[in-house]
Amino acid sequence: MADDGFFQRAYDIVRQVPEGRVTTYGQVARMMGEPRKARYVGFAMHSSPGMKGGVPCHRVIFADGSLAPGFAFGGPEEQRRMLEAEGVGFLPSGKVDMSRFSWEA
DNA sequence: CCTATGACATTCG
DNA sequence: ACGAATGCCATAG
């Protein structure tokens, strides 16, 4: 299915994200050449096979550095835990320090 | 054809 | 700084 191609492309990008590094939905969408489809990237993550498929969707966060409220692994709390375990630093605001850990191709 | 919805992003008050 | 509103694109009713 051609639609799945979009998903596969999103997975391919997220799969390239190294540990201790985070990226945003808009960023991934932009790499695919379609920055307007940021929402679909999010949907792709929702449907993502998870770390088993090599898709660390927990490294994909909002543009402002916040995590997905309620749709994550068991809440943003768990996601924050995982990111911290990978070496990602968090700000006192409870958001990721994008200034340091924002992933760049 | 118009309205509603969605792991987003950006702008305004 | 935070919350609300609007914009984008695609699918469904």
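Throughout, a chain's letter reflects where its sequence line sits, starting with A, and its residues are numbered from 1.
No salt bridge links A:Arg21 with A:Glu86; every basic N to acidic carboxylate O contact stays at or beyond 4.0 Å.
Straight-line distance from the CZ atom of A:Phe43 to the P atom of C:dA12: 11 Å, rounded to whole Å. Rounding to whole angstrom units, CZ of residue A:Phe7 and P of C:dT11 are separated by 11 Å. A:Lys37 has its NZ atom 7 Å from the C1' atom of C:dC9, to the nearest Å. Atom CG of A:Asp64 and atom P of C:dG3 are 11 Å apart (whole Å).
The outermost nucleotides of DNA chain B lying under 4.0 Å from heavy atoms of chain A, listed 5' to 3', are B:dG6 to B:dT10.
The aromatic rings of A:Phe6 and A:Tyr40 lie perpendicular to each other, with more than 60° between the two planes, well past the 30° mark.
In this structure, a donor-acceptor pair under 3.5 Å is absent between the side chains of A:His58 and A:Glu78.
Counting any heavy atom pair closer than 4.0 Å across all strands shown, A:Tyr25 reaches a base atom. Nucleic acid contact for A:Thr24: sugar-phosphate only, since backbone atoms but no base atoms lie under 4.0 Å from a heavy atom of the residue.
Every side-chain hydrogen bond (donor to acceptor under 3.5 Å, both in side chains) that A:Arg80 has, sequence neighbours left out, goes to A:Glu77. A:Phe62 meets the ring pair (Phe, Tyr, Trp, His ring centres under 6.0 Å) test with A:Tyr25; sequence neighbours excluded.
Comparing A:Phe73 and A:Arg30 by the nucleotide of DNA chain B whose heavy atom lies nearest to each, the residue mapping closer to the 5' end is A:Phe73.
Going from the P atom of B:dA7 to that of C:dC2 covers 24 Å, rounded to whole Å.
Using a 4.5 Å heavy-atom cutoff, the side chains of A:Met45 and A:Tyr11 are in contact.
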